[in-house]
J.: 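Here it is: the structure, laid out below.
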Amino acid sequence: MDRRHALSVMGLFLATALALGLARLNGGWFFGTAEDRLPKPQAGPVQDSDEARKILRTYFMAHYSEASCSAIYTDLTHDGVEELLVLTVENSRTGEPVPLHGGTLDGDSFTRAQVTVLRAGAWGEVLPIYDFVCGAEHSQWGELYLKKEDGADYLVWYAPYTASERGNFQLAQFSLGQDGAVLDLVREQIFFPAGVGDVQEGDADQTEILAFLARAESLLEGAEPVIVCDVIHDPLTGTDGPRRFAYLDALFTSF
């Protein structure tokens, strides 16, 4: 093969390779591998915030009652698209829905509440990604708040639980993944004797208790109650304070 013919063949080879590369970049297929020839899954459409709100509101109207529910838009997944946080309240003594709006609910008529965070999925479906239950019965005392920090939305959970002469106080501030995973910014827990209870290994001392209570006060500052129902035990005096009760009263506003 003379030099001119060899260069011509090489040039044809390079041109063919370049054409194949361009075809693949543009989504075309010549020979490729078996994987290349398989159909490619299409990414679902990304919901913008307005579209997500419409989907969530339609879902709410089909599944909940405005009279006995609160609902607020909040971006707990920090993806720029709001979810809908829904508070429902039950009264097991009567079996009737409890009106929430206008300050009509008090601690004496409260028995149980559920908080659900709903997210609009890529294809228009609505996905419950987080649930929280708070009851008036002792085993389910707790407080849930919404808090904004550095422009981002978070849930704050405070559970000052005491029973059988033992204190178990827990505190958390967290956001959510799109799959509902709890993403902690803060999570703390202390144990201590309540009343005449005996000190056990690992119990918090007075300095640790004071630091925990200060941290709780700091996290709760500026936070909006979603559902609060408990009696706060004072670990320093060994006495219980007055019962605290508050709840979110909002419909389709943004946090």
Side-chain angles (χ1 to χ4, degrees), residues 47 49 52-53 55-57 59-60 63-64 68-90 100-101 105 107 110 112-121 126-137 139-161 168-190 212-232 244-255:
Q47 303 288 359
S49 193
R53 281 187 174 205
I55 292 169
L56 291 168
R57 182 160 187 162
Y59 182 90
F60 177 93
H63 294 83
Y64 295 94
S68 58
C69 297
S70 287
I72 190 168
Y73 297 112
T74 175
D75 183 12
L76 292 168
T77 57
H78 299 175
D79 61 357
V81 180
E82 293 170 317
E83 297 81 43
L84 186 67
L85 182 149
V86 180
L87 168 68
T88 60
V89 175
E90 301 174 1
L100 285 187
H101 307 297
L105 179 63
F110 170 80
R112 184 179 181 273
Q114 180 166 339
V115 177
T116 304
V117 177
L118 303 171
R119 183 176 73 86
V126 173
L127 310 170
I129 61 171
Y130 178 77
D131 286 307
F132 172 85
V133 174
C134 174
E137 62 270 29
S139 63
Q140 291 183 305
W141 282 357
E143 308 179 3
L144 191 69
Y145 298 82
L146 277 169
K147 183 178 178 69
K148 196 174 289 288
E149 186 167 300
D150 297 328
D153 297 346
Y154 292 91
L155 288 169
V156 175
W157 173 58
Y158 183 41
Y161 175 75
N168 175 5
F169 281 25
Q170 299 185 64
L171 176 69
Q173 179 178 347
F174 57 94
S175 58
L176 300 174
Q178 291 189 353
D179 60 353
V182 172
L183 307 176
D184 287 334
L185 185 66
V186 174
R187 189 167 292 270
E188 297 181 18
Q189 183 175 23
I190 59 170
F212 179 92
L213 295 177
R215 180 66 167 158
E217 183 178 359
S218 175
L219 284 187
L220 296 178
E221 184 178 359
E224 179 78 15
V226 177
I227 183 67
V228 175
C229 179
D230 59 32
V231 174
I232 303 296
R244 301 202 302 188
F245 179 75
Y247 64 93
L248 178 70
D249 184 354
L251 272 177
F252 304 114
T253 59
S254 281
F255 177 66

J.: Can you tell me how far the CD atom of E224 sits from the CD1 atom of I72, to the nearest 0.5 Å?
T.: 6.5 Å
J.: Exactly one of D153, D75, T74 should register a side-chain hydrogen bond (donor to acceptor under 3.5 Å, both in side chains) with K148. Which one does?
T.: D153
J.: Under the side chain to side chain contact (heavy atoms under 4.5 Å, CB included) criterion, do R215 and V186 qualify, and how do the steps go?
T.: CA-CA 10 Å; R215 180 66 167 158; V186 174; 3.0 Å; yes
J.: If every non-hydrogen atom of L76 is compared with every non-hydrogen atom of S175, which pair is closest and at what distance?
T.: O-CB, 3.3 Å
J.: Considering all heavy atoms of both residues, which atom of G177 and which atom of I129 are nearest to each other, and what is their separation?
T.: O-CD1, 4.0 Å
J.: Working to the nearest 0.5 Å, report the span between NZ of K147 and CZ of F255.
T.: 8.5 Å
J.: Specify the closest pair of heavy atoms between R53 and Y73, including all atoms of both residues, with the distance to one decimal.
T.: O-OH, 3.5 Å
J.: Would a 4.5 Å heavy-atom cut-off, applied to side chains only, mark L219 and Y145 as touching?
T.: no
J.: Does any N or O in the side chain of D150 come within less than 3.5 Å of the main-chain N or O of A152, such that one atom is a donor and the other an acceptor?
T.: no
J.: Tell me if a side-chain donor or acceptor on E83 pairs with a main-chain N or O of T77 at a distance below 3.5 Å.
T.: yes
J.: If you compare all heavy atoms of L176 against all heavy atoms of L183, which two are closest, and at what distance to 0.1 Å?
T.: C-CD1, 3.9 Å
J.: Less than 4.5 Å apart, side chain to side chain, heavy atoms only: is that true for E149 and L185?
T.: yes
J.: Which atoms form the tightest heavy-atom contact between L84 and A71, and what is the distance?
T.: CD1-CB, 3.9 Å
J.: Any sub-3.5 Å donor-acceptor pair from H101's side-chain atoms to S68's backbone N or O?
T.: no
J.: Could you tell me whether the side chain of L85 reaches within less than 4.5 Å of the side chain of Y130, counting heavy atoms only?
T.: no
J.: Within the 3.5 Å criterion, strictly below it, is a donor on T116 or D131 matched to an acceptor on the partner's side chain?
T.: yes
J.: Could you walk me through whether H63 and V86 satisfy the side chain to side chain contact (heavy atoms under 4.5 Å, CB included) test, starting with their C-alpha distance in whole Å, then the side-chain angles of each, then the deciding distance to 0.1 Å, before giving a yes or no?
T.: CA-CA 11 Å; H63 294 83; V86 180; over 6 Å; no
J.: Atom SG in C134, atom CD in Q114: separation rounded to 0.5 Å?
T.: 11.5 Å
J.: For V115 and I227, work out which heavy atoms get closest and say how close.
T.: CG2-CG2, 4.1 Å
J.: Going by ring-ring contact (aromatic ring centres under 6.0 Å, His included), name the residues that satisfy it together with Y64, two or more places apart in sequence or in a different chain.
T.: F60
J.: Which distance, rounded to the nearest 0.5 Å, do you find between the OH of Y247 and the CG of L87?
T.: 9.0 Å
J.: Quick one: OG1 on T253 to CG on L248, what's the gap to the nearest 0.5 Å?
T.: 7.5 Å
J.: Checking side-chain contact (heavy atoms from CB on, under 4.5 Å) against F212, which of E188, Q189, Q170 comes through?
T.: E188
J.: Check step by step if side chain to side chain contact (heavy atoms under 4.5 Å, CB included) holds for Y161 and D230.
T.: CA-CA 9 Å; Y161 175 75; D230 59 32; over 6 Å; no
J.: Can you tell me how the ring of F245 sits relative to the ring of F110, calling it parallel under 30°, perpendicular over 60° and tilted otherwise?
T.: tilted
J.: Kindly say whether L220 contributes a backbone atom to a donor-acceptor pair with the side chain of Y158 at under 3.5 angstrom?
T.: no
